[in-house]
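Comments concern the structure below.
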Amino acid sequence: MKEIIQVQVGGCGNKIGMKFWENISSEHNVNWENSNKDPCENINTYFSEIPNGKYVPRSVCVDLTDEILSDIKKSDVSYMIKPDNIIFNRQGSGGNWARGHYTEGAELCDNIMECLRREVEICESLSGFQIMHSTGGGCGSGTGTLIASKLKEEYPEKYIQSFSTFFKYKCSDIPLEPYNEVLSIHQMIENFEGCFIFDNSAIINILQIHSNPNLYYNYMNPIIGQAVSNITSLYRTSCPLSIRKAINNLSPFPRTHFFSTNLFPIYAPDFRLYKSHCEDQLIIDAFHIKCNLSGENASLGKILSAYNILRKKNCKELHIQEALNCIRKYKSKDFWIPENLNYHCTDFQLKGFDSSCSLVLNSTSIGNLFTNILSRFQCLFRRKAFLWHYAQEGMDEMEYTEAAANLQDLISEYEIYQNL
Ligand SMILES: Nc1nc2c(ncn2[C@@H]2O[C@H](COP(=O)(O)OP(=O)(O)OP(=O)(O)O)[C@@H](O)[C@H]2O)c(=O)[nH]1
Ligand SMILES: [Mg+2]
């Protein structure tokens, strides 16, 4: 058994985290009334069995406000979350990374680590941790990265992967967002082994959402939840990968571990068509820029590594190979290492879909997202705007300079690979 423990942190982390649990509970037939009727072999990756024979998520839910309770209650599977694993205070971070990382969040840390220790103790052979969070606020970004650094201290040999939401083009109502994002990425470079990046602006673009910003999360979160379910199917099928193996396959270099995900098909929940797609269509269409959930066009960079995850019953090997050969032939100039395109095929279908495909890309084009974030950061930092909020929490100016330099190094590293 190779178990994975999820930590969902902050407003976005908890909402997307609950979508993930809804999807995979249904895929594994975990149901409170009937226990699990038809357990999949690897139900234990993400669920632990409790004494009455029921299964509950290996999840710890953290926030700095009690909004977490309503976020969890809105989910169809809220009843499965262990009440002791919901940890929050009522102070809030005020959108400030330093409050999430050094003050308010730090106060909760002993409690969080104790809860994680209990979860680790009931695992037979822990594969690693995954953190769900956003990078723009104070909690998911500050506390999420604090938890990762504590996990690295306590379980240095375990891999940590994250599902991280950015908001590239937002005219934010929180002016501190660029600081929060750069300080988070600095930590993510050092303490996470693999980060699956989603960009809200890209998803808004794909879905052409023009509604009230508070409503569009209802459309976006199911899409991110589907992509996460597809990616994690690698760890849950009958011959599962460990986090270590999956991330190592995707990362030719240790620091460039930021992956974008293409999802095909994508339907806004109201417009879903229950249509089946053949293997070659799944593989070829998943390469389309309109399927990219981080808004970066992989064809404008070099693909360092790619993983195609197909979920369809009775996949035909011959059709898969033909489609992969077609990609290798016509997109060879996009690949940095020729043919570095892996695939994984499973019968285990995505909830509500006859067939689905996620293409995970480690592409140098993700550098554009970071360049954009760094320039928004520089614009504020040059003027020393809003720094007093962080200084009040004891943060030193050196920390911004170090974080920005680390991000600049990462961008340069992507540029080197792109031009090699
Ligand atoms: N995709 C998606 N993005 C969200 C959601 N909720 C918030 N965000 C975005 O995530 C960023 C940070 O918001 P939150 O996650 O609510 O912030 P937090 O981590 O709780 O931090 P604080 O509330 O500042 O303590 C903002 O840019 C939001 O627009 C959500 O449900 N889905
Ligand atoms: Mg919040």
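Bear in mind the structure is a predicted one, so any value in this text is a computation, not a measurement. Atoms within each ligand, like the ligands themselves, are counted from 1 in listed order. Atom set for the values below is all heavy atoms of this structure, side chains included, hydrogens, waters and symmetry mates excluded.
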field: More than 12 heavy atoms from other groups under 6.0 Å of CD on E67
entry: no
task: Evaluate whether atom NZ of K150 has more than 12 neighbouring non-hydrogen atoms of other residues, nucleotides or ligands under 6.0 angstrom away.
output: no
Taking distance alone, with no angle check, do [X] and ligand 1 share an N/O pair under 3.5 Å?
{"X": "G13", "answer": "no"}
{"X": "T165", "answer": "no"}
{"X": "M220", "answer": "no"}

- prompt: Between R236 and S229, is there a donor-acceptor pair closer than 3.5 Å when you use the side chain of the first and the backbone of the second?
  reply: yes
- prompt: Does the side chain of S164 come under 3.5 Å of the side chain of H133 through a donor N or O and an acceptor N or O?
  reply: yes
- line: Of G142, S201, S134, the one whose closest heavy atom lies nearest atom 11 (C) of ligand 1 is S134
- prompt: Where the closest heavy atom to atom 5 (C) of ligand 1 is concerned, which of S141, S93, C12 has it?
  reply: C12
Any I224 heavy atom less than 4.0 Å from ligand 1: yes
Any E177 heavy atom less than 4.0 Å from ligand 1: yes
Should you measure from each heavy atom of [X], which atoms of ligand 1 turn up under 4.0 Å away?
{"X": "K15", "result": "5 (C), 6 (N), 30 (C), 31 (O)"}
{"X": "G137", "result": "12 (C), 17 (O), 21 (O), 24 (O)"}
{"X": "G95", "result": "24 (O)"}
{"X": "G140", "result": "18 (P), 19 (O)"}
{"X": "F167", "result": "27 (O), 29 (O)"}
{"X": "G10", "result": "19 (O), 20 (O)"}

query: Which bit of L64 gets closer than 4.0 Å to ligand 1, counting heavy atoms only: side chain, backbone, both or neither?
result: neither
query: For the side-chain hydrogen bond (donor to acceptor under 3.5 Å, both in side chains) test, which of W97, Y390, Y102 pairs with E399?
result: Y102
message: Measuring from atom CG of N249 to atom CG of N342, what distance do you get when rounded to the nearest 0.5 angstrom?
response: 5.5 Å
message: Can you tell me how far apart CG (N308) and CZ (F264) are? Round to the nearest 0.5 Å.
response: 12.0 Å
- request: Test side-chain contact (heavy atoms from CB on, under 4.5 Å) on E190 and R255 and set out the steps.
  value: CA-CA 8 Å; E190 305 305 327; R255 282 165 57 87; 3.8 Å; yes
- prompt: Cation over ring, K152 on Y155, under 6.0 Å and within 45°?
  reply: no
